[in-house]
Amino acid sequence: MLTALQEANGFTPEDIASIIFTVTPDLRSAFPAQAARELGWTEVALLDAQEIPVEGALPRCIRVLILVNIDRPQKEIKHLYLEEAQKLRPDLAFSHRRLVVAIDGPAGSGKSTVARALARELGLRYIDTGAMYRALTLKILDLGLPLEDEEAITSVAEETRLEVLEREGKTRVILDGHDVTEDLRSPAVNAGVSLVAQYPGVRAKLVALQREMAAEGGVILDGRDIGSYVWPKADFKFYLSAAPEERARRRLKELLASGHEITLPEVQKQLAQRDSLDTRRAVAPLVAAPDAAVIDTSDLRPEEVLERLLGIIREEGNVRPD
Ligand code: CDP
């Protein structure tokens, strides 16, 4: 809890002047201040006091009041109420646990790298929605269907079983019972995915699954239309962009590292085709939601992008309570 408070408010242990714990009368033998002393917090003044009896209050709870030397107005301080304690002050409670964060942008803008790091930092699930479109494209290619056959593709989409899991920070897609994650980034899928993704029937199917995940909360979804269409009420919306040459360079590096033989002009051409299909399609095209924070990552390292996003989340952290 102390770490979470520190993260939400951006102070360091050196900024702490003192800590007051207030406890309900059930706590008699081991007091939190004593535990903190035993942890080696010898520089900080610590005090235990009894919680004021209030009608409807929790029968058992520990309240931690940290006196910190930071130059911040009161309204910016984020209070953290864990689990049941949120009932006490839903107006003040700040919780990462149910956040929904939308990260959109074109290929090579750095979405997945930053989404994964942000998810780790905030303890949220990370879902790469592009992997879902890729999985369906893989199935269409395996069936040998022409990518122009909207009707056939739509009915395949309707009857396909897709499960999306997160394992070790990676989105795994189970297509009709088989884990196809490792086959999703092949040149054939790269070339076909934006064609398949333009069909309204395909999108309806996948967007419904994405909305189920967003409704559960505690998730970062990365894609093209999350903030604008899938979940416009996301707590935070980011749109990452970058110059086309830089995006192509990044993608080339990834493809070469994973053993694909491809040249920079080829990657540039593929990205341009995908950008064009994604931005011009009729349903839910790639677009920055009007209320998204737009970040140009062309000259930023991944850690710098992460810092920006975290900065915005902490600054505007008056998130709706659970
Ligand atoms: O990883 P990369 O940025 O290359 O692409 P991706 O996120 O795996 O997405 C592959 C393709 O799926 C995109 O080019 C879009 O055509 C489509 N897509 C989409 O239409 N909507 C989403 N929410 C995510 C991906």
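Every number for a ligand or one of its atoms is a count from 1 in the order of the listing.
Here the heavy atom of the protein found nearest to atom 24 (C) of ligand 1 is Thr129 OG1, 3.4 Å. The protein heavy-atom contact nearest to atom 23 (N) of ligand 1 is Asp225 OD1, 2.8 Å. For atom 17 (C) of ligand 1, the closest non-hydrogen atom on the protein side is Ala197 CB, 3.8 Å. For atom 21 (N) of ligand 1, the nearest protein heavy atom (residue, atom name, distance) is Arg203 NH2, 3.0 Å. In terms of protein heavy-atom proximity, atom 7 (O) of ligand 1 is closest to Arg224 NH1, 3.2 Å. With respect to atom 10 (C) of ligand 1, the closest heavy atom belonging to the protein is Arg274 NH1, 3.4 Å. Looking at atom 4 (O) of ligand 1, its nearest protein heavy atom turns out to be Arg251 NH1, 2.5 Å. Looking only at heavy atoms of the protein, atom 8 (O) of ligand 1 is closest to Arg134 NE, 2.6 Å.
Between Arg247 and Asp275, at least one side-chain nitrogen of the basic residue sits less than 4.0 Å from a carboxylate oxygen of the acidic one, meeting the salt-bridge criterion. Between Asp235 and Arg98 there is no salt bridge, since no side-chain N of the basic residue sits under 4.0 Å from a carboxylate O of the acidic one.
Contacts between Arg281 and ligand 1 below 4.0 angstrom, taking non-hydrogen atoms only, involve the side chain exclusively.
Considering both main-chain and side-chain atoms, Asp278 comes within under 3.5 Å of ligand 1 through a nitrogen or oxygen pair. Considering backbone and side-chain atoms alike, Gln210 places every N or O at 3.5 Å or more from each N or O of ligand 1.
Ser194 and Asp278 are linked by a side-chain donor-acceptor pair at a separation below 3.5 angstrom, with hydrogens and angles left out of the test.
Between Pro285 and Thr279, every side-chain heavy-atom pair lies at or beyond the 4.5 Å cut-off. Arg125 has its side chain out of reach of Ile220: every pair of non-hydrogen atoms, C-beta onward, lies at least 4.5 Å apart.
Counting the atoms of ligand 1 from 1 in the order shown, those under 4.0 Å from a heavy atom of Lys111 are 3 (O), 7 (O). Within the listing of ligand 1, atoms 6 (P), 7 (O), 8 (O), 9 (O), 24 (C), 25 (C) sit less than 4.0 angstrom from a heavy atom of Gly130. Close approach of ligand 1 to Arg185 is summarised as follows: ligand atoms under 4.0 Å from at least one heavy atom of the residue are 1 (O), 2 (P), 4 (O), 8 (O).
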For a salt bridge (charged side-chain N to carboxylate O under 4.0 Å, His left out) check, start with the C-alpha distance between Asp104 and Lys237, then their side-chain angles and the critical distance, and finish with the verdict. CA-CA 8 Å; Asp104 292 303; Lys237 297 183 191 180; over 6 Å; no
Checking salt bridge (charged side-chain N to carboxylate O under 4.0 Å, His left out) for the pair Arg172/Glu166: CA distance, chi angles, key distance, verdict? CA-CA 6 Å; Arg172 302 209 74 91; Glu166 189 206 35; over 6 Å; no
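Nearest heavy atoms, Thr171 versus Thr181: O-CG2, 3.4 Å.
The side-chain tip of Arg120 does not point at the ring of Tyr126 from less than 6.0 angstrom away and within 45° of straight on.
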